[in-house]
Amino acid sequence: MRGSAFALVLAGAAVFAQGIASRGVRPQPRGKPSGIPFQAKFTDVAGHAGLRAPVVYGGIDRINYIVETSGGGVAFFDYDNDGWLDIFLVSGARFGQMPADATSRLYRNKGDGTFEDVTDKAGLRQSGWGMSVATGDIDNDGWEDLFVTYWGQNRLYRNTGKGGFEEITEQAGLVLPKRERPWWSSGATFIDYDLDGDLDLFIASYIDFDMARTPKPGQNPNCAWKGVPVACGPRGLPPGRLWMFENKGGLRFEDVSDRTGVSKIRGTYAMTAVAVDIDSDGWTDIYIAGDSSPSLLLRNTGKGAFVDEGLERGIALNDDGMEQAGMGIGIGDYNLDGHLDLFKTHFSDDTNILYRNDGKGNFRDDTISTGLAVETRFVGWGAAITDLDNDGLPDLFFVTGNVYAETEKPLPAYPYRTPRVVFRNLGNSKFEQLMEEAGPGVAAVHSSRGAAFGDFDNDGDIDVVIVNLNEPPSLLRNDLPAGAHWLKVRLEGVRTNRSAIGARVIVKYGNRRQAQALTSQASFYSVNDPRLHFGLGKETKADVTVIWPGGKQETYPGLEADRLVTIREGELLPPRRIGRAQ
């Protein structure tokens, strides 16, 4: 436990004096800069690429309700199977006059560094209070489908394979029970929880939100932040609930929330949801970031049910035993021991947290020991554990942005628009914070939310697409010089689900071994490139082991670097080089 009992009492008092958990901790002292050059440089090319429409979300200068603060997610996925990552951006709405351009958008990657808005052509024009996005092939036909959560009616879009989507929410049995006030669904993920080879669907809800009964800013202690009246919540408002829908085939789902036990797990303001095999037992679990409440680990028992083991496993709270304002989740192997670690973003005046996996699904808080506690200024959202400079050491990247535009004038130390943050991995379980050194796209200030990580221009490095509230999105192109090697792994299930969600890949290069997971949702409400990207540093060959859902393993030794490797369950397809956008 960190600090004295007195410090914990003060931190607890700070938490309960406002709606969002923020411990009021001071940053740790910064060490001497390493002086090691950082080769990755990020430039925002969204305007040139054709991503110019703003993402409408809530009030611009002031908000009255917490629903206006969260923002939405974004997906990097290849909807037309042409080998280039497309972009799906979730949009929100605005109380009062609704802008005509408030719609979720699909941008098709043209393969030349630019995108075409195909929202209408694809049948995806939809306004409303959108939240998160999850992707997966629900009918195993080879085309990735979309699920979008809302404050209001969620929507399932089936990919027709002909350049468009059809909404099948009601047909699929995914309309939540009707009631007077709308449900506020938040994180969602496809998951094959029963290992029958098709994708089921998990949905979390954030708050049981009723506008008519929610106090206005300043009306109680949960409606103020540092003395400034702000939107109420989440503390003081009733938390939402959890849902599980089983895929019955024929594009039909059945509500099995009670049977699987997830409906009984209450008390958390649930945000991002990630389906991943935490304890390496072959059954895919679900980790959920809890805002101002304990985060949840729904461990899959393998018997058709889930139990919450977040506290027992060490990933519900921080090392002080305190709740935090969990928003985004990054998954990766920061210390290269072949096990999946977790990085979770939080509110300002608190540390983002890094959990180290002991290999058996038990975790410890490594935030201070790794050097991450030097930064507490920003509200963190979308995040990843990913190798930005291909040196073989996974770095940390997260986007930031305050939730209260109206606090900037009375509290200038807490601006609404803030920069992105990079922590470069120095090895030996140590990180170093970078900002300007990582390029103008990182130093630029926005109030950002969702972020997706992937290689949109197929040049062998990780780029980032970011949701900015009431502005156009950012598309950060990584201009990484040639030199360091890499390998991409694309998975295709045969006996398991076609999207291979829940699979893990371990790549051995030199004396290093790195694990990654294929997920349906991660970061904050977002979807990353399904082609898992491994920086290899100086190594020109790597051994690849795939652990499919259920635990079956396949190993392919001596694969050449700087290629895309496609592994169809039981078969290695011919590796190939991928094209580079001009």
Side-chain angles (χ1 to χ4, degrees), residues 73-90 103-112 114-126 133-149 154-174 188-192 196-201 245 247-253 452 454-456 458 465 488 490-503 518-521 526-531 564 566-569 571 573-574 576 578-579:
V74 57
F76 259 149
F77 79 126
D78 184 3
Y79 85 95
D80 53 0
N81 287 346
D82 66 351
W84 296 89
L85 286 180
D86 309 301
I87 294 173
F88 178 78
L89 280 155
V90 179
T103 177
S104 296
R105 293 183 185 275
L106 178 66
Y107 291 96
R108 186 182 69 84
N109 192 331
K110 296 166 65 176
D112 60 358
T114 66
F115 291 78
E116 174 191 6
D117 187 339
V118 294
T119 306
D120 292 326
K121 186 187 303 183
L124 290 174
R125 177 166 287 276
Q126 183 64 59
V133 57
T135 61
D137 186 353
I138 61 171
D139 50 1
N140 290 329
D141 66 350
W143 301 91
E144 290 290 294
D145 308 300
L146 281 171
F147 184 73
V148 186
T149 65
N154 300 326
R155 291 177 173 83
L156 175 65
Y157 296 100
R158 177 180 171 269
N159 191 332
T160 65
K162 300 177 181 179
F165 293 80
E166 58 176 347
E167 195 211 322
I168 61 168
T169 316
E170 185 172 359
Q171 171 191 336
L174 292 176
T189 181
F190 288 107
I191 173 177
D192 185 6
D196 65 352
D198 55 28
L199 288 174
D200 313 300
L201 179 63
F245 291 88
N247 192 333
K248 307 301 289 186
L251 302 177
R252 290 285 303 174
F253 290 79
D455 187 358
F456 86 88
N458 282 342
V465 59
K488 293 185 187 296
R490 178 180 174 272
L491 300 180
E492 183 180 311
V494 176
R495 184 186 63 82
T496 59
N497 70 87
R498 178 72 177 259
S499 297
I501 291 166
L518 205 162
T519 62
S520 171
Q521 181 177 105
S526 297
V527 179
N528 296 325
D529 188 343
R531 304 170 301 178
L564 170 66
T566 299
I567 299 174
R568 183 176 294 152
E569 192 171 3
E571 178 186 9
L573 302 185
R576 63 185 181 87
I578 54 178

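We're numbering straight along the sequence, starting at 1. Only heavy atoms go into these numbers, but all of them, side chains included; no hydrogens, no water, no symmetry mates.
Thr496 places none of its side-chain heavy atoms less than 4.5 Å from the side chain of Asp192. By the 4.5 Å heavy-atom criterion applied to side chains, Leu106 and Leu146 are not counted as neighbours. Counting heavy atoms from C-beta on, the side chains of Leu156 and Phe245 never come closer than 4.5 Å. For the pair Phe456/Ile87, no side-chain contact is recorded, criterion being any heavy-atom separation below 4.5 Å from C-beta on. For the pair Arg531/Asn458, a side-chain contact is recorded, criterion being any heavy-atom separation below 4.5 Å from C-beta on. Looking only at side-chain heavy atoms (C-beta outward), Gln126 and Tyr157 come within less than 4.5 Å of each other. When side chains are defined from C-beta on, Leu564 does not count as touching Asp455, because their heavy atoms never get closer than 4.5 Å. Within the 4.5 Å cutoff, no side-chain heavy atoms of Arg108 are placed close to those of Lys121.
Atom CD of Glu170 has 12 or fewer neighbouring heavy atoms from other residues, nucleotides or ligands inside a 6.0 Å radius.
Atom OG1 of Thr160 and atom CD of Glu166 lie 7.0 Å apart (nearest 0.5 Å). Here the CG atom belonging to Leu199 is positioned 4.5 Å from the CD1 atom belonging to Ile501, to the nearest 0.5 angstrom. The distance from the CG atom of Asp139 to the CG atom of Asp145 is 5.5 Å, given to the nearest 0.5 Å.
Tyr107 and Phe115 have perpendicular rings, their planes meeting at more than 60° on a 0 to 90° scale where under 30° would count as parallel. Ring planes of Phe165 and Phe77: tilted class, angle from 30 to 60°.
Thr114 and Asp112 share a side-chain donor-acceptor pair at under 3.5 Å. Side-chain contact of Ser499 with Glu144: a donor-acceptor pair under 3.5 Å is present, judged by distance alone.
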Where do Glu167 and Arg158 land on the side chain to side chain contact (heavy atoms under 4.5 Å, CB included) test, with the steps shown first? CA-CA 6 Å; Glu167 195 211 322; Arg158 177 180 171 269; over 6 Å; no
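For Asp198, there are no salt bridge (charged side-chain N to carboxylate O under 4.0 Å, His left out) partners at least two apart in sequence or on another chain.
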